[in-house]
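Please read all numbers here as calculations on a predicted model, not as lab measurements.
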Amino acid sequence: MRAAPTILHLDMDAFYASVEQASKPSLRGKAVIVGGLGPRGVVATASYEARRFGVHSAMPTAQARRLCPNGAYLIPRFRLYQAVSEVVMGLLRELSPLVEPLSLDEAFVDLEAGGTAFDSESARETGERLRADIRAATGLSGSVGLAGSKMLAKVASEEAKPAGLLLIEPGTERELLAPMSVRTLPGVGPVTGEHLRRAGITTVGELAEAGEDELVRMVGRSHGVGLYRMALGLDDRPVVAERDAKSVSVEDTFDVDLHDRVRIRTEVQRLADRCVQRLRGSGHSGRTIVLKVRRYDFSTLTRSETLRGPTDDPAVVREAAARLLEAVDTTGGVRLLGVGVTGLADYTQEDLFAQSMAAEEAAAAEAAAGAAGEGATGAVGQEADGAAGAGAPSGSAGPEGSGGLGGPAEAPEAGGPAGEPEQAPERRWAAGSDVLHAVYGPGWVQGSGVGRVTVRFERPGSPPGRVRTFRVDDPELEPSDPLPLVGQEDPRTTL
């Protein structure tokens, strides 16, 4: 515990939904739900307007639609969320070198390490300035908590929501925590909370009064000691700038159970490619490939295979995932598939092998060049080119779900009978995805069906735009990248 509230916790308010409201002026002040739109979709984030209807994250989208039938249901646009997050995290790193991101929209900051705050007054000024800078740079609001420990700073930011700031003065922790629910404390989930409730403990104050020995008896030593310390407001964990990734994975839940074994294999291959993309994007490789299969009856199986060394080769990951699938019984149907890589490293076994081979080839080339001239050097170059070609992936990752990240998903090509022209696949447009029209400029998809797509033409910072309907195959309509939330207005827009 610190003597000054110099640990800051930032939590952006309803982040995904707020980004959507900022980029789509017609949705400001309205219920917005971001998540999977299919029958088995799950809510990722709900705006505060939607939360008044009881909608919350991790709720099935079907249930959310029953609670809030008039809400705007949109696909996530992770590329845009990532871009906005990078702006916010950049502002945090201007305050201190010790920034510990927890997710795209949440992070701890050690203000003392950055020399930006040493007491309550300077900490509050820094927090208020940060909130103003985030608003100016992104148009979004964030809630800030300031305290002498990470746990209390997180509690403070939660209490400050939405768009507020709360500073917990050292020495007032127990008084502030006492009336709060035990569920406020990190690590107290529904099961532990219910167990404590049955014992007559519902508030943090009652938790502290129960004493360490009683809590150890109730929930075990490690958990009981931790609960008692948190109830007293004690937390000595430092802010850690770098958090090592333990695994990289992707998974898809299907609207309809998959029964076709060939289709299941194809989906596993596609997931393997996407997983490698993320793996390479994080600058890692891995040596253990994991396959996850959730069957029709909700039973979940995981299978893994450990390689001789770490890899980021998509062909290797695909082959390992395919071998793992052969050992899984998919009779009855599959509702979810996932592929992951663990045992991460910042190098690949292939890299080390290539380095040693390159040294051997260079030595051989040098010796051969002395005896036979430059012809040998050319042969080495051809061999290297051939190796590079053999290592190239045999396929590429497809769109991430129907509509992908703002674009239409196209059905696989299908050839017609001999002598007849092939039919162009029908484009599908997901609600919330970005589009650009040759005449009307940028907009977003409100909905589509029966061969039509409805688009609202507006941009961040503009008044609510007009709605127009087009054929799904209109040649003047195409997928587009998201526009920035602040500045850089597109002059092609016509409202």
Side-chain angles (χ1 to χ4, degrees), residues 12-30 32-37 43-47 72-91 103-105 134-142 274 277-278 281 397-410 427-448 453-468 470 474 476-495:
M12 300 296 290
D13 300 320
F15 184 53
Y16 296 173
S18 294
V19 170
E20 298 299 339
Q21 289 176 320
S23 64
K24 301 175 171 67
S26 59
L27 296 183
R28 290 172 186 166
K30 298 182 179 178
V32 174
I33 298 93
V34 179
L37 304 185
V43 175
T45 305
S47 68
Y73 290 81
L74 310 173
I75 62 165
R77 296 186 295 163
F78 289 110
R79 283 188 297 185
L80 178 57
Y81 307 151
Q82 179 70 49
V84 176
S85 175
E86 288 173 358
V87 173
V88 174
M89 295 301 166
L91 293 173
S103 61
L104 289 178
D105 62 333
I134 290 174
R135 174 73 73 175
T138 67
L140 306 178
S141 67
R274 285 172 51 194
Q277 283 187 327
R278 291 191 180 182
E400 294 192 15
S402 177
L405 294 169
E410 298 188 0
R427 294 191 293 179
R428 293 175 294 166
W429 303 91
S433 58
D434 297 279
V435 297
L436 180 66
H437 193 273
V439 176
Y440 302 109
W444 59 279
V445 175
Q446 280 199 321
S448 63
V453 55
T454 301
V455 178
R456 185 180 288 274
F457 291 98
E458 58 188 4
R459 65 178 183 268
S462 75
R466 297 182 62 181
V467 176
R468 299 180 184 273
F470 308 91
D474 191 315
E476 295 187 317
L477 188 68
E478 60 184 20
S480 175
D481 291 329
L483 294 176
L485 297 187
V486 176
Q488 301 181 37
E489 294 185 355
D490 194 322
R492 296 172 294 175
T493 305
T494 302
L495 297 176

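- Atom CD of Q446 and atom NZ of K24 lie 10.0 Å apart (nearest 0.5 Å).
- A22 meets the side chain to side chain contact (heavy atoms under 4.5 Å, CB included) test with L140, L485; sequence neighbours excluded.
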side-chain contact (heavy atoms from CB on, under 4.5 Å) evaluation trace for V34 with V19: CA-CA 10 Å; V34 179; V19 170; over 6 Å; no

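- Taking each heavy atom of P76 and G35 in turn, the nearest pair found is CD-O, 3.6 Å.
- Pairing each heavy atom of F470 with each of H437, the nearest pair is CE2-NE2, 3.4 Å.
- R28 places a side-chain N or O within 3.5 Å of a backbone atom of Q21 that can act as its donor or acceptor partner.
- Contact between L91 and A137 at its shortest, heavy atoms only, is CD1-CB, 4.2 Å.
- Annotation: side-chain hydrogen bond (donor to acceptor under 3.5 Å, both in side chains) contacts of T45 (sequence neighbours excluded): none.
- Between Y440 and F457, the two ring planes are tilted [angle within 30° to 60°].
- Taking S141 as the reference, D13 meet the side-chain hydrogen bond (donor to acceptor under 3.5 Å, both in side chains) condition, with sequence neighbours excluded.
- Of all heavy-atom pairs spanning A17 and A46, the tightest one is CB-C, 4.0 Å.
- Considering CZ of R468 and CG of L477, their distance stands at 12.5 Å, rounded to 0.5 Å.
- T138 contributes a side-chain N or O that, together with a main-chain N or O of I134, makes up a donor-acceptor pair within less than 3.5 Å.
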Can you give each donor-acceptor pair under 3.5 Å made by side-chain atoms of residues 80-87, sequence neighbours left out, with the distance rounded to 0.1 Å?
unit_1: Y81; atom_1: OH; unit_2: E20; atom_2: OE2; d: 2.6
unit_1: Y81; atom_1: OH; unit_2: R77; atom_2: N; d: 3.3
unit_1: S85; atom_1: OG; unit_2: L104; atom_2: O; d: 2.7

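- Remark: S26 pairs with W444, R456, E458, P464 by the side chain to side chain contact (heavy atoms under 4.5 Å, CB included) rule, at least two apart or across chains.
- How far CG of D105 is from OH of Y16: 7.0 Å, rounded to the nearest 0.5 Å.
- Closest non-hydrogen pair, S433 versus I75, comes out as CB-CD1, 4.1 Å.
- P25 and G461 get closest at one heavy-atom pair: CG-N, 4.4 Å.
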